[in-house]
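Quick notes on the structure that follows.
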Amino acid sequence: MKKTFIISEIGVNHEGSMEKAKLMIEQSAEAGANAAKFQTYKAAKIAIKDSPAYWDTTKETTKSQFELFQKHDKFWKKEMEELKLFSDSCNIEFMSTPFDFESALFLNDLVERFKISSSDITNKPFLEYLSDFNKPIILSTGASNFEEIDNALRWLSKSPKISLLHCVLNYPTKIENARLDRIVELKKRYPKI
């Protein structure tokens, strides 16, 4: 029987506070998670300045994707190195999802595996670049179809191990939208993954 690998999704919920990020790592370790996962990006690399909001602006008043992402892109290489060392001291694996080539390059020295965002499942150059590091990959499949997953798996062919992650791009996910049956579909279609 395979052991479940539990990832504590911290993402950018630290809001740029190193103290808060470290507290979340400690709490993740205490809760029994195997890994504490962050996100690494710079807003200017993933959104154009006038990209419109796709969220309910009555709850999050930021009007553009760029502005929202910029609110949460305070950590970069130095901060990720500090979080890696702190995670090690808490006996929990450090992970961070890269969103561009530069962050992937420096994260390669800090992570045991790469976690790829659903938003990059069709980003062939980026997936091939990550595959070249020859590390295990966890690929989120939110909002994707089987053709897109098939293509992504081909582009990641150099990776020694690939895991697929069922993801729903709706937070928090309501039970009726969870589509947990998709996990069974993924297992049937990709029995070796």
Side-chain angles (χ1 to χ4, degrees), residues 1-14 21 24-25 27-29 31-41 46 54-55 65 69 72 75 80 83-84 87 92-101 103-104 107-108 110-193:
M1 177 180 251
K2 293 181 182 178
K3 184 181 175 204
T4 301
F5 188 80
I6 299 171
I7 302 169
S8 175
E9 175 60 41
I10 296 171
V12 294
N13 293 309
H14 50 73
M24 290 176 168
I25 291 170
Q27 291 174 338
S28 298
N34 300 97
K37 193 189 79 62
F38 294 84
Q39 294 176 350
T40 306
Y41 64 82
I46 62 172
Y54 56 84
W55 51 85
Q65 294 172 47
F69 296 151
H72 302 290
F75 288 2
M80 291 299 154
L83 293 173
K84 160 67 172 152
S87 296
I92 189 169
E93 181 180 330
F94 170 80
M95 293 175 71
S96 188
T97 299
F99 283 84
D100 59 72
F101 293 91
S103 62
L107 284 171
N108 182 51
L110 304 176
V111 299
E112 295 177 30
R113 69 193 87 232
F114 281 107
K115 158 63 176 64
I116 301 173
S117 166
S118 298
S119 62
D120 281 316
I121 198 164
T122 58
N123 187 344
K124 181 181 180 183
F126 191 52
L127 296 186
E128 289 177 336
Y129 182 75
L130 291 173
S131 186
D132 284 341
F133 288 116
N134 197 32
K135 287 192 170 184
I137 299 276
I138 299 172
L139 176 64
S140 284
T141 62
S144 64
N145 60 42
F146 286 128
E147 181 181 357
E148 291 167 332
I149 297 169
D150 291 344
N151 287 336
L153 292 174
R154 274 195 300 282
W155 302 331
L156 293 168
S157 62
K158 293 181 185 174
S159 299
K161 181 181 179 185
I162 301 171
S163 301
L164 296 178
L165 185 65
H166 170 62
C167 180
V168 179
L169 305 178
N170 181 355
Y171 310 109
T173 304
K174 295 179 181 173
I175 289 290
E176 60 267 21
N177 296 331
R179 282 289 323 271
L180 295 179
D181 59 319
R182 177 81 164 169
I183 297 169
V184 175
E185 293 172 14
L186 291 168
K187 286 174 75 172
K188 282 181 185 173
R189 186 169 176 104
Y190 308 104
K192 295 181 180 178
I193 295 179

Review point. Which heavy atom in I92 sits nearest to a heavy atom in A29, and how many Å separate them?
Key: CD1-N, 3.7 Å
Check your understanding: Is any side-chain heavy atom of I193 closer than 4.5 Å to a side-chain heavy atom of L186?
Key -> no
Review point. How far apart are the closest heavy atoms of F94 and L110, and which atoms are they?
Key: CD2-O, 3.8 Å
**Study point:** Separation between CD1 of I7 and CZ of R113, rounded to the nearest 0.5 Å
**Key:** 7.5 Å
Review point. Would you say the side-chain atoms of D150 and Y190 include a donor-acceptor pair closer than 3.5 Å?
Key: yes
Exercise for review: Enter the distance from K192:NZ to K161:NZ here, rounded to the nearest 0.5 Å.
Suggested key: 15.5 Å
Review point. Are W155 and F126 close enough that some pair of their side-chain heavy atoms sits under 4.5 Å apart?
Key: no
**Study point:** Min side-chain heavy-atom separation E9-Q39 under 4.5 Å
**Key:** yes
Check your understanding: Are F114 and F133 near enough that their ring centres are under 6.0 Å apart?
Key -> yes
Check your understanding: Is the shortest side-chain N to carboxylate O distance from K188 to E185 below 4.0 Å?
Key -> no
Review point. Would you say the side chain of I121 lies within less than 4.5 Å of the side chain of I149, judging by non-hydrogen atoms?
Key: yes
Review point. Would you call L107 and M80 a side-chain contact if the rule is heavy atoms closer than 4.5 Å?
Key: yes
**Study point:** Over all atoms of both residues, closest heavy-atom pair of S103 and D100
**Key:** N-OD1, 2.7 Å
Review point. Do you know the tightest heavy-atom contact between T97 and F99?
Key: O-CD1, 3.4 Å
Practice item. To the nearest 0.5 angstrom, please state how far the CZ atom of R182 sits from the NZ atom of K187. Key: 15.0 Å
Study note, to complete from the structure: Between A36 and I25, the two heavy atoms sitting closest are CB-CG1, 4.2 Å
Check your understanding: Between L130 and P98, is any pair of side-chain heavy atoms under 4.5 Å apart?
Key -> yes
Point to revise | Non-hydrogen atoms of A21 and F75 that approach each other most closely | key: CB-CE2, 3.9 Å
Check your understanding: So, S28 and S8: side-chain donor and acceptor under 3.5 Å apart, yes or no?
Key -> yes
Check your understanding: Under 3.5 Å, is there a donor-acceptor pair between the side chain of S131 and the main chain of K158?
Key -> yes
Point to revise | Side chain to side chain, Y41 and V12, heavy atoms closer than 4.5 Å | key: yes
Practice item. Would you give the length of the straight line joining atom CG of N177 to atom CG of L169, rounded to the nearest 0.5 angstrom? Key: 11.5 Å
Practice item. Drop me the distance from K3's NZ to N34's CG, to the nearest 0.5 angstrom. Key: 5.0 Å
Point to revise | Spacing of F5 atom CZ and M95 atom CE [to the nearest 0.5 Å] | key: 6.0 Å
Review point. Are side-chain N/O atoms of D120 and S117 paired as donor and acceptor at under 3.5 Å?
Key: no
Report all side-chain donor-acceptor pairs from residues 135-145 shorter than 3.5 Å, counting only partners two or more places apart or in another chain.
unit_1, atom_1, unit_2, atom_2, d
K135, NZ, N108, O, 2.4
K135, NZ, N108, OD1, 3.1
K135, NZ, V111, O, 2.5
S140, OG, K115, NZ, 2.8
T141, OG1, L165, O, 3.0
S144, OG, T141, O, 2.5
N145, OD1, E147, N, 3.1
N145, OD1, E148, N, 2.8

Exercise for review: Check for a donor-acceptor pair, side chain of H166 on one end and backbone N or O of R179 on the other, with a separation under 3.5 Å.
Suggested key: yes
Check your understanding: Are N123 and I116 close enough, and set up right, to give a side-chain contact (heavy atoms from CB on, under 4.5 Å), and what steps lead you there?
Key -> CA-CA 10 Å; N123 187 344; I116 301 173; over 6 Å; no
